[in-house]
Amino acid sequence: MPELPDVECQRRYLAATSLHRTIERVRVFDDRVLEGETPATLGRKVHARRFESSRRHGKWLVAPLDRRGAVGFHFGMTGRLESHRAPAPPPAHGQVRFRFRDGGALDYVAPRKLGVVRTAESLVELVEEKSLGPDAWTVSYDEFRARIGPKRGTIKGALTDQSALAGLGNVYADEILFQAGIHPRAAASHLSSDRLRTLFSAMHDVLRTAVAARADPESMPDSYLLRRRSPGEPCPRCSGSVETYQVGGRRGCYCPRCQPR
DNA sequence: AGGACGCCCTGTTCGC
DNA sequence: TGCGAACAGGGCGTCC
């Protein structure tokens with residue numbers, strides 16, 4: 001479930017392992033993860049280039065190249081990066097390998113192939129092309145309120161709408177709503193400004209905590225719903241029963257006692 | 001315009 | 001114990 005915190009970890013990983021190394025060639029093991037590229041065009045665009053930095057917007061990781069252009073990664077629900085300092089066989093389910101001139105490599109690994117590897121002129125261009133809203137990690141309260149407050153439909157639908165706010169998915173939206181004590185099906189436009197404040201604050205706390213925990217649920221506080229997503233599990237706050245529900249084909253999760261309608 | 005639904009995928013989990 | 005069905009879900013397209 002790579003959502004914002006997971007992608008932020010991938011961003012830091014790329015920054016720590018793969019910057020300023022000259023790319024010798026690209027190997028594509030399954031071109032279904034390429035978007036708007038063929039293995040040949042991707043290879044041509046990155047040949048003899050270097051990742052200069054590592055940026056993120058919502059669930060997209062973008063690594064600008066020296067001179068011009070960038071490579072964008074989306075991790076679907078199972079994607080990750082894997083860096084090698086020295087020659088190594090490609091990992092199982094590796095889709096794309098950037099082999100460096102120093103002999104090492106950066107592998108994009110996506111067992112379910114739901115992710116994307118592509119190029120873009122820049123992060124901004126990709127954000128525009130995908131119509132992404134502001135990043136949930138850096139958005140100001142005023143912008144958050146302007147994006148979420150007026151939306152019709154449920155608050156959970158608003159939080160996970162990438163064009164309204166980029167970065168939250170099913171699991172973290174549930175977590176944020178739980179921490180804020182707001183029912184996932186509450187109407188977004190009916191939330192008072194106090195409730196919106198609480199929600200914004202919960203979003204910040206949850207994202208900061210999740211990134212600090214390296215997006216590993218086991219390292220997150222016991223007070224988090226994240227670790228109690230099965231029906232009937234005890235709510236970490238009131239010990240009541242956690243309820244699950246279907247929304248748009250996704251399994252949602254909340255505590256009916258702590259998140260009344 | 002929002003939301004339900006199907007599709008893509010395959011490793012894991014569940015049920016008989 | 002074994003095997004097939006169901007599940008997981010981000011994003012997109014389609015339909016109402």
Side-chain angles (χ1 to χ4, degrees), chain A residues 1-11 28-37 56-62 72-82 90-96 107-118 120 126-133 135-137 146-177 183-191 207 210 215-218 225-233 242-254 261:
Chain A
M1 46 121 193
E3 300 182 29
L4 192 153
D6 310 79
V7 180
E8 176 61 21
C9 291
Q10 297 295 313
R11 185 192 71 75
V28 176
F29 301 103
D30 192 330
D31 60 14
R32 280 176 291 184
V33 300
L34 297 185
E35 185 175 272
E37 304 283 347
R56 183 193 54 71
H57 190 103
K59 301 174 192 175
W60 279 92
L61 170 59
V62 172
F73 302 91
H74 195 286
F75 297 99
M77 71 176 274
T78 55
R80 63 189 168 83
L81 297 174
E82 191 175 309
H93 311 298
Q95 312 297 328
V96 181
D107 286 307
Y108 173 85
V109 189
R112 290 182 208 173
K113 304 186 176 74
L114 290 180
V116 168
V117 176
R118 57 166 289 166
L126 183 62
V127 167
E128 280 173 11
E129 185 186 326
K130 295 291 178 184
S131 303
L132 299 180
D135 180 62
W137 175 256
R147 289 288 184 154
I148 299 298
K151 274 191 79 77
R152 300 188 214 200
T154 65
I155 185 60
K156 178 160 178 190
L159 289 177
T160 54
D161 179 350
Q162 301 300 297
S163 68
L165 184 69
L168 303 183
N170 192 36
V171 172
Y172 283 100
D174 278 349
E175 186 64 54
I176 289 161
L177 288 166
H183 194 287
R185 286 203 218 266
S189 60
H190 289 174
L191 293 176
L207 292 178
D216 171 22
E218 295 298 305
L225 186 66
L226 224 75
R227 309 165 62 175
R228 304 274 183 276
R229 289 183 62 79
S230 303
E233 286 206 76
V242 163
E243 262 183 35
T244 61
Y245 64 102
Q246 282 292 123
V247 52
R250 304 285 181 264
R251 192 178 61 93
C253 171
Y254 75 111
R261 291 206 79 147

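The sequence lines fix the lettering, A, B, ..., with proteins before strands; numbering per chain opens at 1.
For the pair A:F29 CZ and B:dC9 P, the computed distance is 19 Å after rounding to whole Å. As rounded to whole Å, 10 Å separates atom C1' of B:dC9 from atom CG of A:D30. In this structure, A:R250 places its CZ atom 12 Å from C1' of B:dG3, rounding to the nearest Å. Atom CD of A:Q246 and atom P of B:dA4 are 10 Å apart (whole Å). The separation between A:N170 atom CG and C:dC7 atom P is 15 Å, rounded to whole Å. Protein atom NZ of A:K59 is 8 Å distant from nucleotide atom C1' of C:dG11, rounded to whole Å. The nearest whole Å value for the distance from the CZ atom in A:R251 to the C1' atom in B:dA4 is 19 Å. In this structure, A:D174 atom CG and C:dA8 atom C1' are separated by 14 Å, rounded to whole Å.
Close to B:dA1, at under 4.0 Å from its OP1 or OP2, lies no side-chain N or O of A:K151. OP1 and OP2 of B:dG3 both lie 4.0 Å or more from every side-chain N or O belonging to A:K156. Distances shown here put every side-chain N or O of A:K113 at or beyond 4.0 Å from the OP1 or OP2 atom of B:dC8. Checking the phosphate oxygens (OP1, OP2) of B:dG2, no side-chain nitrogen or oxygen of A:R152 falls inside 4.0 Å. Within the structure, every side-chain polar atom (N or O) of A:R32 is placed at least 4.0 Å from both OP1 and OP2 of B:dC8. Within the structure, a side-chain polar atom (N or O) of A:H74 is placed less than 4.0 Å from OP1 or OP2 of C:dG11. In this model, the phosphate group of B:dT10 is not approached by any side-chain N or O of A:H93 to a distance below 4.0 Å at OP1 or OP2.
Here the side chains of A:V127 and A:W60 are not in contact, with every heavy-atom distance at 4.5 Å or above. Side-chain contact between A:K130 and A:Q162 is absent, with no heavy-atom pair separated by less than 4.5 Å.
Within 4.0 Å of A:V116, counting heavy atoms only, lies no atom of the nucleic acid at all. Residue A:T154 is classed as a sugar-phosphate contact, given heavy-atom separations below 4.0 Å to backbone atoms only.
Atom CG of residue A:L225 and atom CD1 of residue A:I176 lie 12.0 Å apart, to the nearest 0.5 angstrom.
Distance alone, capped at 3.5 Å, is enough to place a donor-acceptor pair between the A:T78 side chain and the A:R112 backbone.
Using bins of under 30°, 30° to 60° and over 60° for the plane-to-plane angle, the ring pair A:Y254/A:Y245 lands in the perpendicular bin.
Toward the 5′ end of DNA chain B lies the nearest nucleotide of A:V247, the other residue of the pair A:V247 and A:P111 mapping further downstream. Mapped onto DNA chain C by nearest heavy atom, A:E35 and A:R229 fall at different nucleotides, with A:R229 at the one closer to the 5' end.
Listed nucleotides C:dA8, B:dC8, C:dC12 differ in distance to A:L114; the shortest reach to its side chain belongs to B:dC8.
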